[in-house]
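I have placed the structure first, in the form of structure tokens, so that the comments after it can refer back to it.
Note on naming: letters A, B, ... go to the chains in the order of the sequence lines (proteins, then strands), and numbering restarts at 1 for each one.
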Protein chains: 2
Amino acid sequence: MSGAEGVPAQRSSRHIRTANRYRVLRRVLAAGPVSRPELAAATGLSQATVATVTGELHRLGMVRAAGFEDSAGGRPRALLAADPAGGTLIGVDVAETYVHAEVFDLTLRVRASTRLAPAPGEDGPARVVERIARAVGRLLADDGAPAGAPVLGVGVTMPGMVDREGGVSVFAANWDWREVPLLDLLTRRIPYRLYLDNPLRATTVAELWFGAARGRQDAVVVNLGTGVGAGLALGGAVHRGASNGAGEWGHTTLVHGGRVCRCGRRGCVESYVGAPGIIRTLTELAPDAAAARAGDQTAVIAALAAGCRAADPVALRVLEVWADQLGAAVADLVNLLDPEVVVLSSWVAREFGAALLTAVREAVDRYALGRPAARAEIVLSPVEGNPVSLGAATFALEGALA
Amino acid sequence: MSGAEGVPAQRSSRHIRTANRYRVLRRVLAAGPVSRPELAAATGLSQATVATVTGELHRLGMVRAAGFEDSAGGRPRALLAADPAGGTLIGVDVAETYVHAEVFDLTLRVRASTRLAPAPGEDGPARVVERIARAVGRLLADDGAPAGAPVLGVGVTMPGMVDREGGVSVFAANWDWREVPLLDLLTRRIPYRLYLDNPLRATTVAELWFGAARGRQDAVVVNLGTGVGAGLALGGAVHRGASNGAGEWGHTTLVHGGRVCRCGRRGCVESYVGAPGIIRTLTELAPDAAAARAGDQTAVIAALAAGCRAADPVALRVLEVWADQLGAAVADLVNLLDPEVVVLSSWVAREFGAALLTAVREAVDRYALGRPAARAEIVLSPVEGNPVSLGAATFALEGALA
Ligand SMILES: [Zn+2]
Ligand SMILES: [Zn+2]
């Protein structure tokens, strides 16, 4: 929650207009066919502003008339809905082991998707750009988009640190990329508006628009994968920080002087609660457990999650230790930020599901202060499919609205 | 940094007007006599908006004409300054061991101050309210305020959890207060507009308006006292959280399973880096040290700080251990929030001064990720006097501008 002093310095009427469009379109997307008075009530905007904004969205081809509803005693009310054919958005999730690209209609429904895996060693900027361009080209050739819908933009997420404004991949550890001018390289290959950011930011935007952070002022999106991070949505907006680097919760300290982390420091949250950390805990607790020999990281996590569902004592013990560590680290976010909601997201959270949720809620209650703990809901992400490509496409939608 | 999606739901033209007044008055206060074109350049507002807003501030009696400056070749430019006689603001810092009240003119200069210590046992709401009212009455009787300047408001900070909107002291641990309707009680005794909040919030607002967070989008104010906390100023505004409880960095985990904290949990930041934690470290490292017998907590901290200045090996060793723990905990804030500046504030930071700053900077470099660590400045608070009563008065100023 921000006081009035919170208005950023570049506030302008243009900025307000964009924000009002966001708010109205977000609501239309969330609610389905909706009347203007309902939009005014839901957004807090005046009826006059809603009329102006829906007119603009109509001219942009983003919303269309969707019939009428009866109004008790009054005239029937005109309904509006997002126009699937109003535009096409593309989201590309570039990870270390794949490029996953999806095309969305303007209701952010997936129309087609494709995934390319790199051949070993294909991790130089030129090859990655080539792969992104190929994925986008393939999607559009497949004609996943509604006929005639213009491509409004392509959002691309890159692992590591991203200079969003400059379009630069500042640092991608696993590929040893430094200061790669990715946007320039992509622009030569892809003839649409491009938006570059990182996956944590994309996941957060996906939750804000379409997931558990919708309508919330202060939310934390806890990403549990190989790496872990906390996407912050504060005051209703993504908090990026001074260098678009906010959210590195994975490299905050859980155990001062503890386990060595892949970042080189000791005791980081990630070294306990990320997938490799969980597996390390498993091998410490039960070096001979069958789950430890299930295969690669994904297979071991799946075996542990299955073990929890089958009440396997080793799997349950790993869950207990992990949820305790995770609960302490999530409690830090709750104490520091006092959010309305904490969303557990990404593939590790999805694997464990309800068992994780219950255990984390109990652990957060143990570790967090009473009042913020009572205030913060903890939920599993309701976003289906790949939240990163959805978020990347949402960046493109935000750009088209600006 | 926020995208356009960051506009809170209650944004309105009235809100914008208040924010513009803040921005212009803040600048006038910071810059001294200043011309309208300079204000436009410094605030990013249009010249027309600056003309409107300065007109409003003039009618409110807050700014006045302050002569002219030469403009190269052009007409002399009219200058504006804050009008000290435009109003009086009162800030009251209610702590467990004192009530410290100050009266400020509209340039936020202290005109008079008073401090009342409670007699033992005088910590029921009625007695505390009585003390606050007496302090305010004494200040105004002393006529610290410029003649004829109206009292624009009284800001009061209470330790613990405060429901700012409801005017309720939700929880004050040391007095065992729960849900005390303090604003109601104060309203019966003090005939001015009242603003209730907690000291961490006040310190943060003081840094935003008058200190090291001025003009910054993302700042963290690290309060180092008996308790510790991190006031967050994100997107140029105080981040309060869902229950005005944000900033409880003191009760985030530094050592999972470590020292028992006064909150009942283990390994909290505060149990290592607050004044009692430092003293505990001293007694663990050197139980026979002279500093440990210097007297009460304040005296021991002062003795340690003096020891550091005199290169006493025990004091330097305590500083080393403390700065390492503090650096790790500050690095967590840097990694998570990616701020432009971290401000070290409150009495313990002031005691150790430059020696602490140097040691913490080194430790943050060890623990934080490279990019956010390079971006974040770490500074000692430049705010003189009591930042809590200054911030409390600033709440009253914000109220008067709204
Ligand atoms: Zn790490
Ligand atoms: Zn604690």
Asp218(A) side chain reached by His239(B) side chain, heavy atoms, under 4.5 Å: yes

Option that, when pairs with chain A are counted at under 4.5 Å, heavy atom only, ranks first among Gln325(B), Arg216(B), Arg266(B), Arg375(B): Arg375(B)

Leu337(B) side chain near Leu232(A) side chain, heavy-atom distance below 4.5 Å: yes

For Arg240(B) against Asp338(A), the heavy-atom pair lying closest together: O-OD2, 3.6 Å

Distance-only donor-acceptor check, side chains Asn335(A) and Thr252(B), under 3.5 Å: no

Interchain contact, Val334(B) with chain A, by part (heavy-atom threshold 4.5 Å): neither

Those residues of residues 364-372 of chain A, ordered by number, that approach chain B below 4.5 Å (heavy atom to heavy atom): Arg366(A), Tyr367(A), Ala368(A), Leu369(A), Gly370(A), Arg371(A), Pro372(A)

Side chain Asp332(B), main chain Thr253(A), donor-acceptor under 3.5 Å: yes

Which portion of Leu401(B) sits near chain A, non-hydrogen atoms under 4.5 angstrom: neither

Options Leu333(A), Thr49(A), Asp324(A), Leu254(A), ranked by heavy-atom pairs under 4.5 Å with chain B, top entry: Leu254(A)

Crowding at CZ, Arg27(B) (>12 non-hydrogen neighbours, <6.0 Å): no

